[in-house]
Amino acid sequence: MMLMPIDFEVKEKSLKAHAVVYQLLGDVKLEFDDSHAMYDEGTYRRVLDLDTAMVKVEYYANEVEYVREYFASNSYQVLASKISGNKPAHLNFTKYLDNKLLYNSYVNNKNQIIMDRSCPRLEIYGNDNPQGIQFSAVLDLHISDGAGTVCVLDGRKLRVEGCNSAIMLLVEMNGGEGINDMEVNENKEKKCEVLMWGYLPGVSPLQSSLTSPVSVRFPESEVDGDSWKDVCGGGCGFGLAISASGKLITWGSSDDQGQSYLTSGKHEETPEPYPLPTNDPILKAAAGWAHCVSVTGKGEVYTWGWKECVPSGKITGSWTSMKTFEKNRSAKQSSTLTEQGSPRSQGSKSSVGSLSCSDDKSVEDESIKRRKVSTRQEYEISMPADETLSAPPCLVMLDPLVKITSVAAGGRHTLALSDVGQVWGWGYGGDGQLGLGTRIKTVASPHLIPCMDPSSCRKDKPDMVHQESVSAGALSHNSVGNYIKGIACGARHSLVITDAGVLIAFGWGLYGQCGQGNREDMLRPSCVSSLSGTQIEAVAAGLWHTICICTDGRVYALGGNQFGQLGLGTNSDQCEFIPRLLDASVLENKNAKVVSCGARHSVILTDDGKIYSWGWNKYGQLGLGDTIDRNIPSQVPVDNFVPKNIACGWWHTLSLCETVS
């Protein structure tokens with residue numbers, strides 16, 4: 001590892017006309033991988049701009065141009081620096097504060113490193129009792145939007161992976177202020193909590209639903225100082241979140257939940273770390289119906305659960321060897337997981353639409369009927385808690401040069417996004433959700449999906465002409481982009497976003513969820529051409545619907561609307577085959593920034609920290625205090641909390657929030 005220190009020093013200070021010298025306060029340490037040590041000396045350039053008091057350093061390493069810019073203000077003891085590369089997701093480094101003295105250093109919940117210590121001084125003209133000062137320093141980190149992850153190492157370091165650029169701001173204070181006088185001190189730090197609502201049967205003795213947000217207790221077994229870092233939704237009846245130390249936390253399942261109970265680690269009321277066979281911190285995670293997938297700080301992927309969702313790879317453990325799994329439990333407990341209602345009972349409204357999704361006596365609609373029946377059978381099969389049907393955590397075998405930064409999980413398939421913007425997929429592909437051009441039912445190893453194939457946005461695709469009633473020909477290859485920056489999975493369809501903001505869809509299209517203007521399955525990645533000219537920033541998907549957010553905060557919805565999950569205020573039987581703008585009055589002057597979908601409900605988070613939900617609400621997954629479906633967005637009350645992220649499970653919703661004192 002190459003160490004790149006940047007020194008900063010407390011400025012000289014006079015006291016009673018005596019010369020006072022303070023020791024070096026500390027260093028900002030940046031550790032890069034070995035590739036930076038092999039930089040091209042011929043490309044190295046260092047420029048000092050006297051007008052702006054900035055230093056700019058440029059160099060090439062492994063065909064990537066890196067730029068570092070530094071600005072220092074002695075008056076306020078501030079050091080600002082920016083690091084960037086000219087290729088996406090290539091910036092990886094570890095940063096921390098160091099000092100030759102004894103000091104206290106830790107990472108808080110805002111990606112800030114705090115250092116606090118008393119610094120002794122030397123009184124040159126003699127003093128029998130020289131007094132020291134309290135110094136404190138805060139190193140703040142911000143990474144570029146839409147790319148990269150940050151995790152905590154050893155409680156005092158921050159590891160940045162796969163970002164485009166990073167900005168660091170160092171602020172130091174001295175002269176007796178100390179950390180207790182700083183606005184970002186630990187006592188004043190806003191604590192992060194996770195809120196949950198919806199169907200998490202294990203958290204209630206009677207397995208009743210949570211119709212309003214409730215705080216999730218942080219695992220008592222974790223070390224002091226650890227806290228919630230992010231929420232990842234979860235699967236059917238269990239929650240999934242990540243701690244600041246990089247532990248994957250699961251909870252909420254019950255022993256009648258079959259495969260989901262095994263997949264969650266049999267964690268019921270009490271949240272506990274899932275026993276993954278790695279000590280590397282978890283950066284991202286996702287869950288399908290009954291399988292999970294996670295990404296480590298090294299870019300490795302672990303997956304487990306339903307066997308057909310787990311690719312052939314390196315098995316790193318077994319159910320019996322995982323200490324958290326209870327012994328001598330019956331392996332034949334069963335529950336019925338259905339497409340329409342509770343895992344134990346039915347009685348909900350029909351899923352059959354009445355507009356373009358209606359049934360009639362035509363040959364075409366007979367085909368639609370068969371596709372619907374197939375779907376219904378798929379989700380109504382019994383799911384016994386049989387360990388032979390479920391795979392323990394498996395290290396997904398990828399090329400050593402492939403580094404994964406993000407994952408998404410569908411009903412029975414998985415997508416993984418690499419640091420260079422490529423998408424890999426595996427699992428069930430019978431509806432085209434793996435984008436390989438076929439209806440192959442099982443893909444047992446990761447395959448590269450040709451998302452950026454020029455033919456994906458061209459009118460004259462030979463095997464897709466019959467499927468395209470909305471032309472994608474208006475989009476040239478150059479306008480599509482150069483790499484993928486975002487991924488999402490529905491139950492049986494997939495979506496990706498390019499760096500140019502183009503939305504690409506593939507997979508099951510019965511309800512129009514692929515946005516092609518028809519109900520055909522898309523076996524290959526295809527641009528949603530009706531959004532041409534609109535840059536998409538985020539996307540999420542459910543069983544039959546898709547919700548996406550534009551860079552300007554507008555929201556578009558498409559697909560099935562049987563429970564109002566599109567939020568358009570339209571008839572529940574109406575499908576939307578091309579994206580429609582969600583123009584609800586409650587969202588006027590609001591800018592959405594995060595979106596997540598459950599099976600049949602949708603949730604967004606706006607830039608002013610408000611949560612809005614709509615769709616199916618049988619289990620209170622909308623968080624509105626009742627079980628009434630909504631076909632327009634409604635604000636979720638989260639008093640005394642400031643939401644920072646949202647993530648939906650199959651029939652529940654989670655939110656990462658800061659407390660408000």
Side chains of K644 and C192 in contact at under 4.5 Å (non-hydrogen atoms): no

Polar side chain donor-acceptor pair, D419 to T405, under 3.5 angstrom: no

Residue pair V539, I547: steps toward the side-chain contact (heavy atoms from CB on, under 4.5 Å) verdict: CA-CA 6 Å; V539 65; I547 307 290; over 6 Å; no

Backbone of G233 reached by a side-chain donor or acceptor of H652 within 3.5 Å: yes

Sole candidate of I449, L495, V407 that passes side chain to side chain contact (heavy atoms under 4.5 Å, CB included) when paired with L415: I449

Distance (rounded to the nearest 0.5 Å) between C527 SG and I504 CD1: 4.5 Å

Exam field: side chain T498 to backbone V480, donor-acceptor pair closer than 3.5 Å: yes

Point-to-point distance, once rounded to the nearest 0.5 Å, from CZ of F238 to OH of Y261: 13.0 Å

F218/W228 under ring-ring contact (aromatic ring centres under 6.0 Å, His included): CA gap, chis, key distance, verdict: CA-CA 7 Å; F218 191 78; W228 296 111; 5.0 Å; yes

Heavy-atom closest contact (C292 atom, T303 atom, distance): O-OG1, 2.7 Å

From S445 atom OG to M397 atom CE, the distance as rounded to the nearest 0.5 Å: 11.5 Å

Expected output: side-chain Q422 to main-chain V420 donor-acceptor under 3.5 Å: no

Approximate separation, where rounding is to 0.5 Å, of L158 CG and K95 NZ: 5.5 Å

Test: K485 and D499 ion pair at under 4.0 Å: no

Check: K284 and D230 side chains under 4.5 Å, non-hydrogen atoms: yes

Approximate separation, where rounding is to 0.5 Å, of I242 CD1 and L248 CG: 6.0 Å

Modelled atom types, side-chain donor and acceptor of Y59 and R68, under 3.5 Å: yes

Under 3.5 Å: donor-acceptor pair, side chain of N86, backbone of E65: yes

Beyond-backbone contact of H493 with W544, side-chain heavy atoms, under 4.5 angstrom: no

Any K593 side-chain heavy atom under 4.5 Å of L605 side chain: yes

Nearest atoms (heavy-atom pairs only) where Y199 meets P201: CE2-CD, 3.6 Å

Nearest non-hydrogen partners of C236 and W650, listed with the distance: CA-CB, 3.7 Å

Worked verdict on H545 versus S602 for side chain to side chain donor-acceptor pair (under 3.5 Å): CA-CA 9 Å; H545 75 293; S602 309; 2.9 Å; yes

Student check: side-chain heavy atoms of M452 and N482 closer than 4.5 Å: no

S494 and Q433, any side-chain heavy atoms less than 4.5 Å apart: yes

SB check R439 D521 (cutoff 4.0 Å): yes

Check ion pair E161-K403 (N to O, under 4.0 angstrom): yes

Donor on one side chain, acceptor on other, Y274 and W304, under 3.5 Å: yes

Pair E268 + K266, salt bridge at N-O below 4.0 Å: no

Which atom of A285 lies closest to which atom of C232, heavy atoms considered: O-CB, 3.3 Å

Any side-chain heavy-atom pair of C548 and L503 under 4.5 Å: yes

Ring pair (Phe, Tyr, Trp, His ring centres under 6.0 Å) partners for Y483, two or more places apart: none

Donor-acceptor pair, side chain of T250 and main chain of S264, under 3.5 angstrom: yes

Steps toward side-chain contact (heavy atoms from CB on, under 4.5 Å) verdict (L531, I536): CA-CA 8 Å; L531 290 174; I536 302 302; 3.9 Å; yes

Residue from V402, D399, L398 passing side chain to side chain contact (heavy atoms under 4.5 Å, CB included) with P446: L398

S526 side chain to R524 backbone, donor-acceptor under 3.5 Å: yes

Quiz item: cation-pi between R412 and W289, 6.0 Å / 45°: no

Distance-minimising heavy-atom pair for G239 and L200: N-CD2, 3.5 Å

Residues forming a side chain to side chain contact (heavy atoms under 4.5 Å, CB included) with T414, sequence neighbours excluded: H291, V293, W426

Expected output: side-chain S294 to main-chain I282 donor-acceptor under 3.5 Å: no

Polar side-chain atom of S390 near backbone of G305 as donor-acceptor pair, under 3.5 Å: yes

Verdict with supporting geometry, S84 and N164, side-chain contact (heavy atoms from CB on, under 4.5 Å): CA-CA 6 Å; S84 60; N164 300 331; over 6 Å; no

Separation between CD of Q513 and CZ of R492, rounded to the nearest 0.5 Å: 9.0 Å

Nearest non-hydrogen partners of I83 and L91, listed with the distance: O-CD2, 3.4 Å

V443 side chain near L436 side chain, heavy-atom distance below 4.5 Å: yes

Partners passing side chain to side chain contact (heavy atoms under 4.5 Å, CB included) against K298 (at least two apart in sequence or in another chain): D280, T296, E300

Audit row: V194, S655, side-chain contact (heavy atoms from CB on, under 4.5 Å) steps and yes/no: CA-CA 6 Å; V194 169; S655 177; over 6 Å; no

Donor-acceptor pair, side chain of S596 and main chain of C648, under 3.5 angstrom: yes

